[in-house]
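Read through the structure below, which is laid out as structure tokens, and then see the notes.
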Number of protein chains: 2
Amino acid sequence: MNPHQHQPHPPAHHTATQAGTQAGTQAGTQAGTQAGTQARGRRRRATLLAAAVALLTEGGFAAVTHRAVAQRAHLPLAATTYYFASRDQLLAEAFAQLVETELDTTRAWIADHGLTALPDQLATADRTRQLGLWELYVHAGRDPVLQQIAHRWTDGCIRLVADTLHLPHTDPRARLLYTTLATLWLEHVVEQRPLDETRTLLTLAMENALRPP
Amino acid sequence: MNPHQHQPHPPAHHTATQAGTQAGTQAGTQAGTQAGTQARGRRRRATLLAAAVALLTEGGFAAVTHRAVAQRAHLPLAATTYYFASRDQLLAEAFAQLVETELDTTRAWIADHGLTALPDQLATADRTRQLGLWELYVHAGRDPVLQQIAHRWTDGCIRLVADTLHLPHTDPRARLLYTTLATLWLEHVVEQRPLDETRTLLTLAMENALRPP
DNA sequence: GATAAACTGGCACACTCGTACCACTTTCAC
DNA sequence: GTGAAAGTGGTACGAGTGTGCCAGTTTATC
């Protein structure tokens with residue numbers, strides 16, 4: 001029986017990414033059941049999601065089709081509609097996961113190398129992956145659910161900058177530095193501008209942001 | 001006879017936007033001929049382009065299909081493939097035109113209201129239009145031709161900021177201010193963040209950028 | 001007028017897409 | 001065990017896509 005016939009979605013196979021979307025829909029049904037069977041199902045779902053992220057990374061979200069995802073995950077086509085209510089939901093979760101991974105990666109990188117070395121991370125990082133990320137970010141403007149994730153992403157980045165500079169999360173200096181950072185990053189990803197320029201501008205922006213008012 | 005069968009593209013019905021793509025392809029053939037016939041053709045091409053821009057504006061570039069463009073322009077389907085070698089070319093020219101229009105609009109607005117009032121323009125402006133614009137900007141990262149247009153767009157914006165501040169085009173202060181501006185703009189378009197915050201941040205960024213080093 | 005080129009518009013091919021459908025097997029609670 | 005629920009996978013439908021094709025018409029040049 002396909003669970004999407006009349007209900008939004010059954011299993012709790014998700015990371016804490018789309019909490020707001022379906023919290024509170026008849027919480028009683030999923031009480032004691034679904035424990036053993038779903039171990040494998042959960043794995044399958046994760047495989048599909050990973051495949052979606054990979055495809056997104058390589059070809060933008062136009063590449064994330066049910067068939068492509070299924071093939072990539074070595075699973076039958078119908079598995080995609082079984083574990084995800086629609087393509088939109090698949091995309092949303094892929095976006096959320098991508099954002100989370102990206103934030104973690106960057107956080108670790110900054111902890112190791114410092115903020116000024118960020119341009120070097122740009123050079124190293126997977127450009128097409130970030131292209132997909134930004135693609136989804138802009139696309140998020142057309143979809144309320146995605147918009148929420150996009151907002152969280154920005155907030156995460158701002159917090160990241162603030163933490164690195166040992167500033168409070170709401171400090172406008174961190175906020176402003178992030179805006180510069182974001183554009184430089186986006187321009188690097190889209191236009192592939194020379195790295196030297198980016199490096200220079202970033203240092204300048206940091207000096208600017210950190211000198212006393 | 002369809003001109004796209006074996007040649008890239010025949011008529012010179014284009015604004016000076018994609019100069020690099022087909023300059024120098026047998027310049028002799030289009031000498032004295034094609035002057036009167038093409039008046040109407042040129043108009044049709046422009047109509048199609050306008051339709052493409054409109055669709056882009058409303059539904060992102062997923063909405064720009066041959067059929068949709070043709071219907072919107074009240075022209076037969078085949079006209080789209082006659083005047084544009086492919087959908088990609090249509091998108092590229094639509095992007096170029098959108099960029100040009102947007103730059104002009106913003107220039108005029110700044111001339112009238114000043115740079116600090118830019119957030120108000122954001123509030124007024126057509127959000128979905130700019131969503132389409134940014135969509136194409138990011139998408140440009142995957143296509144060399146579009147990438148070039150994207151680059152020109154950024155340069156145009158930077159120049160715009162520099163001119164407004166009466167700074168030389170290469171002044172890093174203008175460059176940096178633009179980066180902040182761009183992110184605030186993008187965030188407004190995608191995330192619909194509160195306008196007050198944007199206003200405050202912009203003023204802060206301007207003070208920051210303009211005070212002496 | 002005649003000839004060639006530019007242009008027109010209807011049509012269909014070959015394809016991909018999201019998703020519904022359904023017979024089937026596995027797992028779990030009793 | 002037995003029956004219900006969860007999970008599986010093959011298939012097909014209907015819609016929409018880019019684009020090629022081609023018999024026509026209009027226009028420009030001679």
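FYI, side chains are in, hydrogens and waters are out, and symmetry mates aren't considered; it's all heavy atoms of this structure. To find a chain, count down the sequence lines: A is the first, B the second, and so on, and within it residues start at 1.
- Distances shown here put a side-chain N or O of B:Arg44 below 4.0 Å from the OP1 or OP2 atom of C:dG9.
- In this structure, the CZ atom of B:Arg42 is 21 Å from the P atom of D:dT26, given to the nearest Å.
- Minimum heavy-atom separation, A:Leu90 to A:Val69: CD2-CG2, 4.1 Å.
- Regarding contacts with the backbone of C:dT19, a side-chain N or O of A:His66 is found under 4.0 angstrom from either OP1 or OP2.
- Here D:dT19 is the nucleotide among D:dG10, C:dT19, D:dT19 with the atom lying nearest to any side-chain atom of B:Arg87.
- In this pair, A:Phe61 and A:His139 present their aromatic rings tilted. The plane angle is within the 30 to 60° band.
- As a whole-Å value, the separation of A:Leu48 CG from D:dT8 C1' is 12 Å.
- Atom pair B:Gln71:CD and D:dG16:P shows a separation of 11 Å (rounding to whole Å applied).
- Taking atom CG of residue B:Leu90 and atom C1' of nucleotide D:dT17, one finds them 14 Å apart after rounding to whole Å.
- Within the structure, salt bridge (Lys or Arg N to Asp or Glu O under 4.0 Å) pairs that include any residue of residues 71-90 of chain B comprise B:Glu58-B:Arg72 (at least two apart or interchain).
- A:Trp134 has its ring centre no less than 6.0 Å from the ring centre of B:Trp134.
- Of the listed nucleotides (C:dC11, C:dT19, D:dT8), C:dC11 has the atom at the smallest distance from the side chain of B:Leu77.
- At C:dT27, none of the side-chain N or O atoms of A:Arg40 fall inside 4.0 Å of OP1 or OP2 (strictly under the cut-off).
- B:Tyr82 places its OH atom 7 Å from the P atom of C:dT8, with the value rounded to the nearest Å.
- Taking only side-chain nitrogens and oxygens, B:Thr81 never comes nearer than 4.0 Å to OP1 or OP2 of D:dT19.
- Remark: B:Arg44 fails to qualify as a cation-pi partner of B:Tyr83 under the 6.0 Å distance and 45° angle criteria applied to the six-membered ring.
- Among the protein residues, A:Arg67 comes within range of the nucleic acid bases, having at least one heavy atom under 4.0 Å from a base atom.
- One finds a side-chain N or O of B:Tyr83 lying less than 4.0 angstrom from the OP1 or OP2 phosphate oxygen of C:dT8.
- One interatomic measurement links the two molecules: CZ of B:Phe84 to P of D:dG20, which rounds to 16 Å at whole-angstrom precision.
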